[in-house]
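Side chains are part of it too, since the values below use all heavy atoms of this structure and drop only hydrogens, waters and symmetry mates.
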Amino acid sequence: MERKRLAGILLLILSAFTGTMAFRLATPAVAFYTRDILKASMFSVSIVSTSFVLARAFSSISGGLMLERGKRLLYLGALAMMFNALAVQLYPLTSNWFQVAGIKLLNGFLNGLSWPMAQFVIAVTTPNGIRARVTAVYFFFGSVASLLGNYVYAYTVNLGLSGQMWISSAFFMLTGLIMLAAYYLLRGWITPRRKKDSSAEKLALDPKGVLLIAALMAIIVAFTSGEITYVYVSEALGIGRAATARLIGWAGFLASLMSYGVSWLADVGSERRTVVLTSILAAVSPLLAAVKSAPTVFLGIFLALFAFQSFRPISRKILADYHRSSLAIGGVNGVQNISTFFGGILFGLSYSLGEVRWLFTVNLAFLTFLPVSILLLWKGIGLRMRG
């Protein structure tokens, strides 16, 4: 690759690291603040988590449509990332969970403008033969930051929410500046919308099927998303905040590390096999997480994250070849976020079902995902090749 293009891609990968550091530090801090200080119920915590993804869903699609009007609008995504630095400073000023949810809505809207644009740029500016692997590296650096962000949270607990949000703000601002530089370097390779040419547009898999699988998978793995995950793991295993953050961080890191192999298979022409694999793993993950023991909870979270993180670069690789690629990638982000919203609400509402005890203790909330798991298996295995 040309030096200029390589530099821009490397900067975007760096932005995934710094931006995720900012987000991952804020997530457990807000989770435990809402649950322990504001005394919110588990359902209220799920509303806090899902308000973020709901807002992100709609702004993801809006950002894709905006981008079709001109690639200069990419810079709005970078500015939106910088505004997160201001938004997180509002959390220490809240006095009830409803206010926290309102700020989460703002964060979600800003992130929905920022991240899908970055994913679109890295997908369309990377050569097709290595696209899934480069995109996987992008997400991997985000997972490394997720692990480190959890550790930063664990070691800054004594700073309180206010001190932690200042650290988060610094990383959000830095991320926005990195994105601005990357978009400037890559502007010559960015084409948000191309003229439709059926003979030239060769998609590996049916795009509608890819979107449906993305939606089903996001519903199932919603229990790994946001504040609700930290609260469940802490209460299910009876461990402290710092230990919870480290456990979730390592699950995400290992999942992302192993997902690179799946991306390599996708790049060499095994897209359907990788989709089938990720569908199976996502489908069984909530059944494992339901069993209240450290190995099963960890394995359930790990498989959910592994499936989801493996599927993300594959879906972006496929949709980058679509003639309306910016809308398609914004759309898959939107679909996944809406589905995560419903999955999180389902988990929060069903949490009150409690537990049953047989040979082991099972949280019944996870069993409500079973119909979606069955549908995901059916759709994933039945997904057809194109061309």
Side-chain angles (χ1 to χ4, degrees), residues 20 23-24 26-28 30-31 34 42-64 100-101 104-116 119 139 142-143 146 210-233 248 251-252 255-256 278-279 281-283 285-286 289 300-313 315-316 329-351 365-366 368-373 375-376 379-380:
T20 305
F23 174 74
R24 188 51 62 186
T27 301
V30 172
T34 307
M42 191 63 164
F43 178 67
S44 299
V45 174
S46 74
I47 293 292
V48 170
S49 292
T50 54
S51 61
F52 175 87
V53 297
L54 184 63
R56 190 172 61 181
F58 290 107
S59 59
S60 294
I61 298 171
S62 300
V100 175
K104 273 286 177 179
L105 278 170
L106 176 59
N107 276 148
F109 176 81
L110 295 171
N111 278 271
L113 289 178
S114 301
W115 290 122
Q119 293 169 23
F139 286 120
S143 294
S146 181
V210 171
L211 287 174
L212 179 57
I213 290 172
L216 295 172
M217 194 177 293
I219 291 174
I220 292 172
V221 305
F223 71 89
T224 68
S225 175
E227 287 75 9
I228 196 170
T229 312
Y230 290 88
V231 174
Y232 170 71
V233 171
I248 294 173
S256 186
T278 55
S279 298
L281 296 180
S285 63
I301 292 174
F302 167 77
L303 289 182
L305 293 172
F306 174 64
F308 194 66
Q309 291 176 10
S310 297
F311 181 78
R312 281 191 303 184
S315 62
R316 274 57 171 184
I329 292 175
V332 75
N333 274 278
V335 165
Q336 287 176 328
N337 281 287
I338 292 172
S339 300
T340 301
F341 169 78
F342 286 113
I345 291 294
L346 175 64
F347 186 66
L349 284 173
S350 56
Y351 200 78
F366 288 93
T368 59
F369 292 112
L370 188 57
V372 186
S373 292
L375 184 57
L376 175 62
K379 290 296 183 182

Quick check against the 3.5 Å criterion: does [X] have a side-chain atom that pairs as donor or acceptor with the backbone of [Y]?
{"X": "Ser146", "Y": "Gly142", "value": "no"}
{"X": "Ser315", "Y": "Arg312", "value": "yes"}
{"X": "Ser373", "Y": "Ala283", "value": "yes"}
{"X": "Gln336", "Y": "Ala218", "value": "no"}

Practice task
I would like to know whether Ile338 and Phe342 meet side chain to side chain contact (heavy atoms under 4.5 Å, CB included); could you show each step before the answer?
Solution key: CA-CA 7 Å; Ile338 292 172; Phe342 286 113; 3.5 Å; yes
Exercise for the section: Evaluate the side-chain proximity of Phe347 to Phe369: yes if any heavy-atom separation is below 4.5 Å, no if none is. Expected result: yes
Practice task
Decide yes or no for Val30 and Lys104: does some side-chain heavy atom of the first lie under 4.5 Å from some side-chain heavy atom of the second?
Solution key: yes
Problem - Qualifying residues under ring-ring contact (aromatic ring centres under 6.0 Å, His included), relative to Phe311, sequence neighbours excluded - result: none
Practice task
Take Thr34 and Ser44, measure what side chain to side chain contact (heavy atoms under 4.5 Å, CB included) needs, and give me the verdict at the end.
Solution key: CA-CA 9 Å; Thr34 307; Ser44 299; 5.8 Å; no
Measure across [X] and [Y] and return the closest heavy-atom pair with its distance rounded to 0.1 Å.
{"X": "Phe302", "Y": "Ala251", "result": "CD1-O, 3.7 Å"}
{"X": "Leu216", "Y": "Leu375", "result": "CD2-CD2, 3.7 Å"}
{"X": "Gly300", "Y": "Ser285", "result": "O-CB, 3.3 Å"}
{"X": "Gln309", "Y": "Gly252", "result": "OE1-O, 3.5 Å"}
{"X": "Gly380", "Y": "Ile213", "result": "CA-CD1, 3.7 Å"}
{"X": "Gly334", "Y": "Ile61", "result": "CA-CG1, 4.0 Å"}

Handout entry: Qualifying side-chain hydrogen bond (donor to acceptor under 3.5 Å, both in side chains) pairs with a residue from residues 107-116, counting only residues at least two apart or across chains
Key = Asn84-Asn107, Asn84-Asn111, Tyr91-Asn107, Asn111-Trp115
Practice task
For Gln119, enumerate each residue passing the side-chain hydrogen bond (donor to acceptor under 3.5 Å, both in side chains) test, keeping only those at least two apart in sequence or located in another chain.
Solution key: Arg316, Asn333
Could you grab the distance from atom [atom1] of [X] to atom [atom2] of [Y], nearest 0.5 Å is fine?
{"X": "Thr278", "Y": "Leu303", "atom1": "OG1", "atom2": "CG", "value": "12.0 Å"}
{"X": "Phe109", "Y": "Leu54", "atom1": "CZ", "atom2": "CG", "value": "12.5 Å"}
{"X": "Leu110", "Y": "Leu105", "atom1": "CG", "atom2": "CG", "value": "11.0 Å"}
{"X": "Ile219", "Y": "Ile345", "atom1": "CD1", "atom2": "CD1", "value": "12.5 Å"}
{"X": "Phe308", "Y": "Ser310", "atom1": "CZ", "atom2": "OG", "value": "11.0 Å"}
{"X": "Leu106", "Y": "Phe52", "atom1": "CG", "atom2": "CZ", "value": "10.5 Å"}

Practice task
Kindly check if the number of other-residue, nucleotide or ligand heavy atoms within 6.0 Å of OH (Tyr232) is above 12?
Solution key: yes
Exercise for the section: Test side chain to side chain contact (heavy atoms under 4.5 Å, CB included) on Phe366 and Phe223 and set out the steps. Expected result: CA-CA 8 Å; Phe366 288 93; Phe223 71 89; 3.5 Å; yes
Exercise for the section: Verify side chain to side chain contact (heavy atoms under 4.5 Å, CB included) between Val221 and Leu305, making sure each step is shown before the conclusion. Expected result: CA-CA 7 Å; Val221 305; Leu305 293 172; over 6 Å; no
